[in-house]
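Notes follow the structure.
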Number of protein chains: 2
Amino acid sequence: MSEDLPSIPSSSTLEDVARVAGVSRATVSRVINGIRNVDPDIQEKVRQAISVTGYAPNRAARSLVTRRTGSIALVVSGAGDEGEEDPFPNRVFGDPFFGRVASGVLGFLRPLGMHPVLMLAETAAAREQVISYLRQGNADGALLVSSHAADPLPKLLVDAGLPAVLFARPPRPIPISYVDVAHRAGGTLAADHLVARGCRRVATITGPLDVPASQDRLAGFQETMARHGHPYIPIVEGDFSHDSGETAMQRLMAEHPDVDGVFIANDLMAQGALLVLRDHGRRIPDDVAVVGFDDSSAALACRPQLTTVRQPMEDMAAEMTRLLLSHVEEPERRVTSVIFEPTLVIRQSA
Amino acid sequence: MSEDLPSIPSSSTLEDVARVAGVSRATVSRVINGIRNVDPDIQEKVRQAISVTGYAPNRAARSLVTRRTGSIALVVSGAGDEGEEDPFPNRVFGDPFFGRVASGVLGFLRPLGMHPVLMLAETAAAREQVISYLRQGNADGALLVSSHAADPLPKLLVDAGLPAVLFARPPRPIPISYVDVAHRAGGTLAADHLVARGCRRVATITGPLDVPASQDRLAGFQETMARHGHPYIPIVEGDFSHDSGETAMQRLMAEHPDVDGVFIANDLMAQGALLVLRDHGRRIPDDVAVVGFDDSSAALACRPQLTTVRQPMEDMAAEMTRLLLSHVEEPERRVTSVIFEPTLVIRQSA
DNA sequence: TTGAAAGCGCTAACAT
DNA sequence: ATGTTAGCGCTTTCAA
């Protein structure tokens, strides 16, 4: 066994393989890149030579001539101003949201032997870094997950002519591909469920209202409640954080102590809100029914477990990746958006 | 302004810059790489030429000759067998633990203009992919965060002669650098605090006992409790998950309903345990004091907020990165381990 | 201090 | 169907 192992790993080149197989470099290259028109016998000889030499293609050399890196960036971005440059931007990854997106991206890329480069772009300097990183050919394109509405990065990417796909619809239309979920339909799902449960005094805690997703979830919810005969419902705005869920629910309890159903625009806020409801002696779902949004890991960490509107984030992330690769492949391809349907996951909270 | 912008981005080469500056490629290269022995006037001329041409060095070309990629892999690894290859390994990132590590790595790398490639290695196939990815020169080395004790990847990396650094001490000694926290000292911190609070019937929920970290936290805790006159304390083993925290605490309540203090080996389990204590009508910290471990985001999501043993994970991750880069720089450098001291963060739960 | 020239390992015309 | 050849853009001796 051990005599096949080259003592210096990763040293052999196409040239070596060609010599061992008794063919030219071009032929070896053809075999490796799966180009037809190669005699099966020779193919076999080449394969053997490859395994004998322990050959592994050199990425830099290939990349230099193909002008492709075969890798993409996964950029987690915000709108942070010049201000304080937190060297440890903990929250981004702390958010259970990110986990499912990353999983979807990795799941799609893995069979292709690709892996994303992880970048953060919370400051203007970091955004510049992303652009120049791509321009230097470190990656062929970018997947962008923005946490804030006013993120300037999408436009920067478009202006630089770099392939990119967003995880959510940008607040103002720009010519860039994206995937998203039908937020409005999600709001409808929540409203229908609360009404069907018999809730009569329903309220909602929204996400930051400058984010399209928040607006749409709210619009779908309001619209549907109105259709069910509840044109006016209490609204408290949150910011998608656990804490803001607590604060918002606190306010709701103070102003509308008689609510019997709440739609909360994401699971993390719902988790916080649940704690407050419990402190106020409300039984869930009997006194107050709660519906969240996302179906992130937070939904399972809630007690009782959260009934929630599920975004198929892994599928969305996979599709986002597929879109990006097709843009890389075919730069003239026109901008596309793909919208996924949410579903209601019923657990104990409503 | 706009006339400086080249219409085709990323197109200019060293050659172009040299022509514009009226010098040779070699000189431009020297300026870019900060090599001295270049006439200041020429340096200035070159710099101007660079900005005029909008030049950005081509990574593949540089990498081909330097035999360095200037990037590293961040590998999240487990011990998963061939079995079910979960295409969406949600949990890994869901764990608030990962967030702080990633932040530390990114924080260290960013000033260097580097960004990690994110890889998952839960299956044998995926581990092979990691090895060949590195061997192909896609990255110069690997940072390894293992979730399971029996992870075979560290040894694979060592055997392949690839630079790597682990986030935690491997269960069996292998010649590889790592960073870790003094788990034992952490257990001591927790014990001292519970005793100082006046707890007299103390128990602990441990992590999986095949993991060195779990063993050490327990050992430090037991040892210190013994020193305080409590040689025997109830022990329940968990697996670091939220759910297992609930289950373990449920069992503790059944078998030792009179406990007044619990040390729980990570925050996620503590979060679950807190819910159970609440269900059993225990007031925290008056009836039962709870100390967690990690100081992850879960500690802040607890109600009451968790008193916990803090690992300086960002610092550890930064150091891990620094170690890896020094191994890449100097392959003969000898294996090193760096151990960090934990601290007690006192909040409301104890 | 600067320039000329030789590759790094690979792919892709082009020729055979 | 296979081989020959010309670079891709950069760094790095070696000369001058």
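Just so it is clear: chains get the letters A, B, ... in the order the sequence lines come, proteins before strands, and each one is counted from 1. Keep in mind that what you see is a predicted model, and the values were worked out from it rather than measured. Heavy atoms only: backbone and side chains are in, while hydrogens, waters and symmetry mates are out.
A 4.5 Å side-chain heavy-atom check between A:Leu118 and B:Val105 finds every atom pair outside the cut-off. Taking the side chain as every heavy atom from C-beta outward, A:Gln136 and A:Ser132 approach each other to under 4.5 Å. Side-chain atoms of A:Leu134 and A:Leu157, non-hydrogen and from C-beta on, do get closer than 4.5 Å to each other.
For B:Leu64 and D:dG7, the CG to C1' distance is 12 Å, given to the nearest whole Å. Between the OH atom of A:Tyr55 and the C1' atom of C:dG9 there is a distance of 7 Å, given to the nearest Å. Residue A:Arg19 contributes atom CZ, which lies 16 Å from atom C1' of D:dG3 at whole-angstrom precision. Atom P of nucleotide C:dT1 and atom CD1 of B:Ile35 are separated by 13 Å, given to the nearest angstrom. Look at CG on A:Asn58: it is 17 Å from P on D:dG9, rounded to the nearest Å. Following rounding to the nearest Å, A:Ile32 (CD1) and C:dT11 (P) show an atom-to-atom distance of 7 Å. For the pair A:Arg62 CZ and D:dG9 P, the interatomic distance rounds to 18 Å; values are reported in whole Å. With rounding to whole Å, B:Lys45 atom NZ is found 13 Å from C:dT1 atom C1'.
Distances were taken from every side-chain heavy atom of A:Ser29 (C-beta onward) to each of D:dA1, C:dT11, D:dT4; the shortest belongs to C:dT11. Each of C:dG9, C:dT2, C:dA5 was ranked by its minimum atom distance to the side chain of B:Arg25; first place goes to C:dA5.
Among the heavy atoms of the strands lying under 4.0 Å from A:Arg67 are primed sugar atoms or P, OP1, OP2 only; no base atom is included.
Nearest-nucleotide assignment on DNA chain C puts the 5′-proximal partner with B:Asn37, out of A:Leu14 and B:Asn37. When the nearest nucleotides of DNA chain D are assigned to B:Arg30 and B:Pro57 by heavy-atom distance, the more 5′-ward of the two goes with B:Pro57.
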Requested in this report: For B:Val28 and B:Val23, run side chain to side chain contact (heavy atoms under 4.5 Å, CB included): C-alpha distance rounded to whole Å, both residues' side-chain angles, the deciding distance at 0.1 Å, then the answer.
Outcome: CA-CA 7 Å; B:Val28 178; B:Val23 298; 3.7 Å; yes

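Taking 4.0 angstrom as the limit, B:Ser24 places a side-chain polar atom (N or O) nearer than this to OP1 or OP2 of C:dG3. Here A:Asn33 reaches the OP1 or OP2 of C:dT11: one of its side-chain N or O atoms lies under 4.0 Å away.
Rounding to the nearest 0.5 Å places CG of B:Leu106 at 8.0 Å from CG of B:Leu74.
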